Amino acid sequence: MSAKKVIILGASGNIAKHVIDILVKERHIQLTLFLRSIKRLKNKEVSSARIIEGDVLNFSQLKDAITGQDIVYANLAGELETMAKNIVKAMAETGVKKIIFISSIGIYDVPLNSLLKRYRYAADVIEASNLEYTILRPTWFTNANEVDYETTKKGEPEKGSVISQKSLATVITKIIESPEKYVRENLGVNKPNS
Ligand SMILES: NC(=O)c1ccc[n+]([C@@H]2O[C@H](COP(=O)([O-])OP(=O)(O)OC[C@H]3O[C@@H](n4cnc5c(N)ncnc54)[C@H](OP(=O)(O)O)[C@@H]3O)[C@@H](O)[C@H]2O)c1
């Protein structure tokens, strides 16, 4: 069986750090870390991963990096709507189908908190695509050393107020292991009873 090719966009991010720690140990996964500066990579042991310095806002850098991948995991902050448009276009042009995109709790609240607008618009862009997306809407992060989570579907009330970074990383790695799960789903993720 050939290795599954996974690219992490925004590999210097907090959640990406946890996901990388899990995935670098998986021999059936060929990991590519895409980030603006290797100096900001938080992981120490990444010798099995390919590293690309690049900017998601730079379409040609992004498209080159996505070419040939099986799964894109976007762990980004900043101009998320523009980034989502670039990612969708690059994936469409390269025939890559599966994306896991980290958004946020609260993006369907009315009225919409202005800080969450970019998360909402990015989710709208991903949902309007033909991609096999899984959008995750986590609650607020904690550093708790625990894995304890539940998910809610789009349209259901979001639950809870916190989620450990380790729990969210676990959800992401499970989807990477079984990408056929949660296709075209948009899930809230929270710690039960929090
Ligand atoms: N904190 C919470 O409680 C909470 C709750 C719900 C959702 N969220 C959201 O969940 C997402 C993941 O969280 P996180 O803590 O892992 O975020 P994070 O640590 O801020 O990571 C985001 C990453 O995006 C990268 N990035 C920004 N612009 C880029 C560009 N143009 N090209 C390439 N990379 C770029 C940053 O890289 P650089 O190192 O180059 O800056 C950074 O590593 C974020 O959007 C966050 O806002 C957070």
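Note that these values count all heavy atoms, side chains included, but never hydrogens, waters or copies made by symmetry. These figures come from a predicted structure and were not determined experimentally. Both counts, for ligands and for their atoms, begin at 1 and track the order of listing.
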Around Glu79, counting heavy atoms of other residues, nucleotides and ligands shown, do more than 12 lie under 6.0 Å from its CD?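 Atom CD in Glu79 is not packed in, count stays at 12 or less.
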Hydrophobic clustering (ILVMFWY, side-chain heavy atoms < 4.5 Å, transitive) - are Val189 and Val183 grouped together?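 Val183 does not cluster with Val189.
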Could you identify which residues cluster with Ile105, counting Ile, Leu, Val, Met, Phe, Trp and Tyr as linked when any side-chain heavy atoms lie under 4.5 Å apart, either directly or through a chain of such contacts?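 Besides Ile105, the cluster holds Trp140.
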Return each pair, listed once, that meets salt bridge (Lys or Arg N to Asp or Glu O under 4.0 Å) where at least one residue sits in residues 172-190; pairs must be two or more places apart or across chains.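 Sorted pair list: Lys153-Glu185.
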Under the salt bridge (Lys or Arg N to Asp or Glu O under 4.0 Å) rule, collect the residues that match up with Asp21, sequence neighbours excluded.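 Applying salt bridge (Lys or Arg N to Asp or Glu O under 4.0 Å) to Asp21 gives Lys17.
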Would you mind reporting whether Glu81 and Lys117 have side-chain heavy atoms less than 4.5 Å apart?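 A side-chain contact is absent here, since even the closest heavy-atom pair is not under 4.5 Å.
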Can you work out which protein residues put a heavy atom within less than 4.0 Å of ligand 1?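 Residues near ligand 1: Gly10, Ser12, Gly13, Asn14, Ile15, Arg36, Arg40, Asp55, Val56, Leu57, Asn75, Leu76, Ala77, Met83, Ile102, Ser103, Ser104, Tyr119, Pro138, Thr139, Trp140, Phe141.
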